[in-house]
Each structure stands twice: as structure tokens, then as C-alpha cells.
Amino acid sequence: MLDLKFIRENADAVRKAVSDRALEVPLDELLELDARRRKIMVILEEKRARHKRGNKEIGELMRRGEDAAALREEMGRLSDEIRTLEAEEGEIGGKTREILIRIPNLPDASVPVGPDETYNREVRRWGEPRRFDFQPLPHWEVGEGLDILDFQRGVKIAESRFTLLKGKGALLERALINFMLDLHTREHGYTEVFPPILVNEESMFSTGQLPKLKDEMYACRDDELYLIPTAEVPVTNIYRGETLREEDLPIYYCAYTPCFRREAGSYGRDIRGLIRQHQFNKVEMVKFAHPDTSFDELEKLTNDAEDVLRRLGLPYRVVILSTGDLSFSAAKCYDLEVWLPSYGEYKEISSCSNFTDFQARRADIRFKPAGGGKSRLVHTLNGSGVAIGRTVAAILENYQREDGSVEVPEALRPYMHGLEEIAAE
RNA sequence: GGAGGGGUGGCAGAGCGGACGAUUGCGGUGGUCUUGAAAACCAUUGGCCGGCAACGGCUCGCGGGUUCGAAUCCCGCCCCCUCCGCCA
């Protein structure tokens, strides 16, 4: 959510930001509603002040045993007027808010401008895609050949886009979770948390998933709760409605959680394998940062995610998303894309974003300046560190051998009982 | 799920229709005293919105209602505690 005052004073900048994102927002209507509301507020506050004074006076008159009937009648009329104005103000305020909460964050000046992902720009590359002297298989064939991925039974148990991991496959998944958590907590300075996986509507609103992405989420039938699409939601909401101390910033958290996405509208895409599942595991990093340093924190966060791929020896590239591809709440976002031989291209495995004060305003997360003064909104950031399912896919594909076995990346071996390869049993 | 009790400022805890944006204690901040500190004493001290400011408004879990006037009365919801039931 943007600051209404900022929009009022920088309407053209907001208009440009929205159009750079290839979106439309009834900005003029918003400004007009806001102007009307402010006019009403002036009258309303004046009436309320008079009402308050009058009521105090009635109290004093009564205490002195004097007659307050006339004043009482006047205050009754004033009370009606206030009620009418309040109703009007409330209605306009509601409409204002409906528009306001649908306005996306302002892209940072360093973000390439363009209407869609073709304007994304590669920032850097790491590692060489391996040259195979045999025909490499897609990870679903590697996994089925080793009897560690069972797609059919996943579908039987739930529905399509759910997968059963088995034996070394389940172990690999667990090893990756532990490897990533250890890396971030022991070397990158993050504190591990394990949050609720079901969250309420307010939490979903705060990080910007609601109202826009309602169709993307699994909701509970009998409770006002949603399955999280990412740990970003519960972890960012740790401090919802709180005021932090400046000297405690930045705060780093990481969390392993399952994630659930309905993937509405992506019916034909990535239909095979682990790439696009309704349920997947992810290790997520979340930061609460000082506004002055949040963009530096984004660079560090991205590097922390890259470190996972480097240690696993998976070739990747870093892409900065264009204005048209940027998510609703983000001001700037780097995607990490891992090399997948079966796709013959790089595929998103992590998304690292700075949300500036956009989520903090929705969530009301502030910090108190150390030198005193008014509290300010923090900046929130998060990034996958990284998506587990896609990492499994990348390992199976990049580390496969001609005989169908898969070498275990060295960094992972301590997490897999020293296992050096996954071979058919 | 059932029965009781309760949600008030950073914390503890009063107030239960008008002088209450809220007694008091602790904590915080400034000061006196002190070589320094502690103690003691004095002063000050919630948050948000609008305003250069003076000032004004909102805020006693949340949302409605009654009333000239609600922290206080009524209704609905949420949360917490105790006991019972159920349960990993």
C-alpha cells in the first residue's frame, strides 16, 4: 500500500509507475474521493470539537444543578449531523481504501521499464551448463527410473501436481532443507523460525497476497484461514502491528515451510515433473531493514540465495525483473534461474525482493529512531533460499549419469549419511 | 466443545455514565545531590491522523447500538486464563 499523502502529492509519478507495470488503476477517482473526504473531515472535526465542548459544558451545568435542556437539545442535533457526516465519510473512506489497496508498489528507479518479462535483464551468470556425452533425461524420468519420485501415486492421494517422494528422494528433499537452513543460520546470520502454515486474512492482506491473489490460495472451508503460498506471509507478519527498535535492525529470519498454490491459470505450463506443484517445500529468507540500507540488504539477500546454488554446483543466472514482471508488492526483484538441461534453459528457482515500506504500511511495522522522534515504517525484504522441489529437479538433471544414477553434490553428502550417489536399488 | 473469569498506556493495576486520554506504582527521560554510581528527591513521559505552529480529531481487544455524553450500559465477534471433555 502506498501512502495516500504521497499519491496526492506525486500523482504523476504514481500514474507512470502503474502504467510502467502495464496495469490500470482508477487514480483520478481515488484523488477525487480523497479530496471529497478531506473536505468532509474538516467540517466533521470542527463539529466534533464543538460537540465535545458542549457535552462537557452540560456536565458542568448539571453538576452545578443548572438547566441544561437547551444545550442538550442543541447537542442532540449536532450529534445527528455528525452521524450523517460520519456515515458519508465512512462510505467515501471505504471506496478510497478499495482503490488504494489495489495500487501496486512503485518500482525502484533501477528497475528496467517494460510491459512484460521480455524486458527482464540478465545481471550475471555463474557456472557452465554441463555438456553431456549422452542424451540427458528430464528429472521426472530420472526420478521414476530410480524409484524416488512417484507422480501417479501423488495424483491418486491428492490430485494432479502433487507428488510422492520415496526413499532417497525423500531423503534428498530433507537433506536440502537442512543444508539450506544450516547455511543461512550458521553462515549468513539468519535466525531460524518455524511459523504457522495456516494464516488469517489479515496476514495475507499485510504482505499483499489479498485481495489480489485470492484465487491462487487454498482456503479452509470452516475457518477464516488460508494455507500459505510462501513463508513470506507468516514470517513477515511476525512483527505486524509492532514497533521495533532502530538498533535492532536489520533483523534476519529464515524458515522452512511447505507452500501451497492453486496455480490457477497455468494449466498448460510445466505439466510434468516437479517444477509446478500445488504443494512444495521452500526455505525462505525474510529481512526487516532500515529504509536507508534496504537496497544494500537486497543485494546481500540475493547473494545469500546464490550461495546455495554455488555450493550445490548448479549453474545459474541472475535476472532483474522489469516493471511489467514485478510482483504487486515489490519495488525491485532479482530472480535466480537455475540451469535445467531438460528445458535447455534457465528456470526460476528463487525470487529476491525489496518491498520497501509497501508491506510495512499494510502490516503497520515500524521502528523507533534511536535518537528519538516519530516512528517510521521499516522496509521488508524476502527471497527464496531456495525452492526445494526445483532444486531436486535441478540436481537430478544436472548430476545425472548415463547409467541412470545421480551423483550427490558434495555439499549435500553430510546431510545424506555420506551418500555419494543415488542409484537404482 | 461445555462451565466460569478476564482483555485499560512499555509493564503492573485502578476506574464501571459527565471534572477521564484515563488515579497510582514500576519502568523510561531530564534534573538536584555525588569524585562517580546507587539511593533519595523534583520534573517529565502512550500511540495515530491533520497542521509551519497554535491547536484540533481519533484511540481503553474489534464491530455495532443506547445516550446530549460511553473505558463504564446493551448486542455480536475475536483473543487470553482456570476447570471439565477430547486429542498428537
Side-chain angles (χ1 to χ4, degrees), chain A residues 1-10 30-31 33-98 100-101 194-206 210 219-226 234 237-249 258 291 357-378:
Chain A
M1 189 159 69
L2 297 179
D3 181 13
L4 188 53
K5 191 176 165 189
F6 176 88
I7 297 175
R8 202 182 293 141
E9 290 163 3
N10 302 274
L30 176 75
L31 292 169
L33 286 168
D34 176 50
R36 269 171 61 198
R37 199 182 76 91
R38 285 158 57 77
K39 270 190 196 126
I40 290 170
M41 287 301 289
V42 172
I43 301 166
L44 187 56
E45 286 195 9
E46 193 271 326
K47 283 188 194 291
R48 279 208 275 237
R50 254 202 302 148
H51 190 233
K52 263 176 103 160
R53 280 199 304 272
N55 286 331
K56 250 187 189 127
E57 215 173 303
I58 290 174
E60 279 164 33
L61 288 172
M62 289 178 70
R63 231 168 293 119
R64 291 201 300 263
E66 293 174 28
D67 176 42
L71 193 53
R72 198 185 266 214
E73 200 188 318
E74 189 194 334
M75 286 307 111
R77 279 196 303 274
L78 194 53
S79 177
D80 288 341
E81 288 172 35
I82 287 169
R83 240 181 280 257
T84 307
L85 280 175
E86 275 176 345
E88 197 179 338
E89 188 272 330
E91 197 189 321
I92 296 172
K95 283 184 191 163
T96 306
R97 188 182 146 81
E98 281 306 304
L100 188 60
I101 62 172
F194 189 82
I197 310 301
L198 289 173
V199 301
N200 58 33
E201 205 160 313
E202 217 177 332
S203 292
M204 283 294 191
F205 174 81
S206 293
L210 285 179
C220 295
R221 202 202 327 270
D222 297 326
D223 300 278
E224 279 289 322
L225 293 169
Y226 299 85
N237 273 278
I238 287 174
Y239 291 124
R240 166 153 52 84
E242 295 190 32
T243 301
L244 308 170
R245 300 187 311 176
E246 182 172 30
E247 53 269 37
D248 291 338
L249 300 178
D357 62 10
F358 189 86
Q359 291 180 330
R361 187 172 293 107
R362 287 168 95 97
D364 189 27
I365 306 172
R366 298 161 186 277
F367 70 93
K368 197 86 183 161
K374 293 190 75 159
S375 58
R376 300 171 60 190
L377 295 165
V378 302

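In what follows, chains carry the letters A, B, and so on, assigned in the order in which the sequence lines appear, proteins first and then strands, with residues in each chain numbered from 1.
One interatomic measurement links the two molecules: CG of A:L44 to C1' of B:rC58, which rounds to 10 Å at whole-angstrom precision. Taking atom CD of residue A:E242 and atom C1' of nucleotide B:rG10, one finds them 12 Å apart after rounding to whole Å. The interatomic distance linking A:E57 (CD) with B:rG18 (C1') rounds to 13 Å, in whole Å. Counting to the nearest Å, the C1' atom of B:rG18 and the CG atom of A:L71 are 13 Å from each other. Whole-Å rounding puts the A:R245 CZ to B:rG28 P distance at 13 Å. Straight-line distance from the CG atom of A:L78 to the P atom of B:rG57: 12 Å, rounded to whole Å. Put simply, CZ on A:R37 is 9 Å from C1' on B:rC49, counting in whole angstrom units. Distance A:E73 CD to B:rG69 P: 13 Å, rounded to the nearest Å.
Pair assignment for B:rG17: none, as no Watson-Crick or G-U wobble contacts are both less than 3.5 Å. Across the strands present, B:rU82 finds its partner in B:rA3; the criterion is a Watson-Crick or G-U wobble pair with both atom distances under 3.5 angstrom. B:rG76 and B:rC62 make up a base pair, with Watson-Crick or G-U wobble contacts both under 3.5 Å. With a 3.5 Å ceiling on both atom-pair distances, B:rC52 lacks any Watson-Crick or G-U wobble partner. The base-pairing partner of B:rU29, taking Watson-Crick or G-U wobble contacts with both distances under 3.5 Å, is B:rA43. The partner of B:rA12, taking Watson-Crick or G-U wobble pairs whose two distances both stay under 3.5 Å, is B:rU24.
Checked against B:rG69, B:rA19, B:rC58, the side chain of A:R83 finds its nearest nucleotide in B:rG69. Side-chain proximity of A:R63 to the nucleotides B:rC58, B:rU66, B:rG18 is greatest for B:rG18. Between B:rG57, B:rC48, B:rG69, one nucleotide has an atom nearer to the side chain of A:H51 than all others, and that is B:rG69. In the set B:rG18, B:rG51, B:rG47, the nucleotide with an atom closest to the side chain of A:K5 is B:rG51. Residue A:S375 has its side chain nearest to B:rC48 when only B:rG21, B:rC48, B:rG18 are considered. Nearest to the side chain of A:R72, among B:rG57, B:rG18, B:rA19, sits B:rG18. Minimum atom distance to the side chain of A:K374 is reached by B:rC49, of the listed B:rG57, B:rC49, B:rG69.
B:rU72 and B:rC16 have their C1' atoms separated by 4 Å, with the value rounded to a whole Å. Taking atom P in both B:rU32 and B:rG46, one finds a spacing of 23 Å when rounded to whole Å. Distance check on atom P: B:rA40 versus B:rC26 gives 8 Å, rounded to whole Å. A distance of about 15 Å separates the P atoms of B:rA14 and B:rG61, rounded to the whole Å. Separating the P atom of B:rA71 from that of B:rC62 is a span of 12 Å, rounded to the nearest Å. On the P atoms, B:rU45 is 25 Å away from B:rG51, given to the nearest whole Å. The P atoms of B:rG57 and B:rG7 are separated by 28 Å, rounded to the nearest whole Å. Nucleotides B:rG28 and B:rC11 are separated by 12 Å at their C1' atoms, to the nearest Å.
Because its NZ or CZ atom is not both nearer than 6.0 Å to the ring centre of A:F367 and within 45° of the ring axis, A:R376 does not count as a cation-pi partner of that residue.
The residue among A:R50 and A:R77 whose nearest nucleotide of RNA chain B lies closer to the 5′ end is A:R50. Sequence order on RNA chain B of the closest nucleotides to A:K56 and A:K52 puts A:K56 first from the 5' end.
Between the A:R37 side chain and the A:E89 main chain, no donor and acceptor come within less than 3.5 Å of each other. Between the A:R362 side chain and the A:E202 main chain, no donor and acceptor come within less than 3.5 Å of each other. Remark: side-chain polar atoms of A:S203 are not paired, donor with acceptor, to backbone N or O of A:V199 under 3.5 angstrom. With hydrogens and angles disregarded, no donor-acceptor distance shorter than 3.5 Å links the side chain of A:D223 to the backbone of A:L225.
In this structure, A:E60 does not pair ionically with A:K56, as no charged nitrogen and carboxylate oxygen lie closer than 4.0 Å.
At the heavy-atom level, A:K368 lies under 4.0 Å from the strands shown only through sugar-phosphate atoms. Contacts of A:M62 with the nucleic acid, taken as non-hydrogen atoms under 4.0 Å apart, include base atoms.
Counting heavy atoms of neighbouring residues, nucleotides and ligands inside a 6.0 Å radius, atom CD of A:E73 does not exceed 12 of them.
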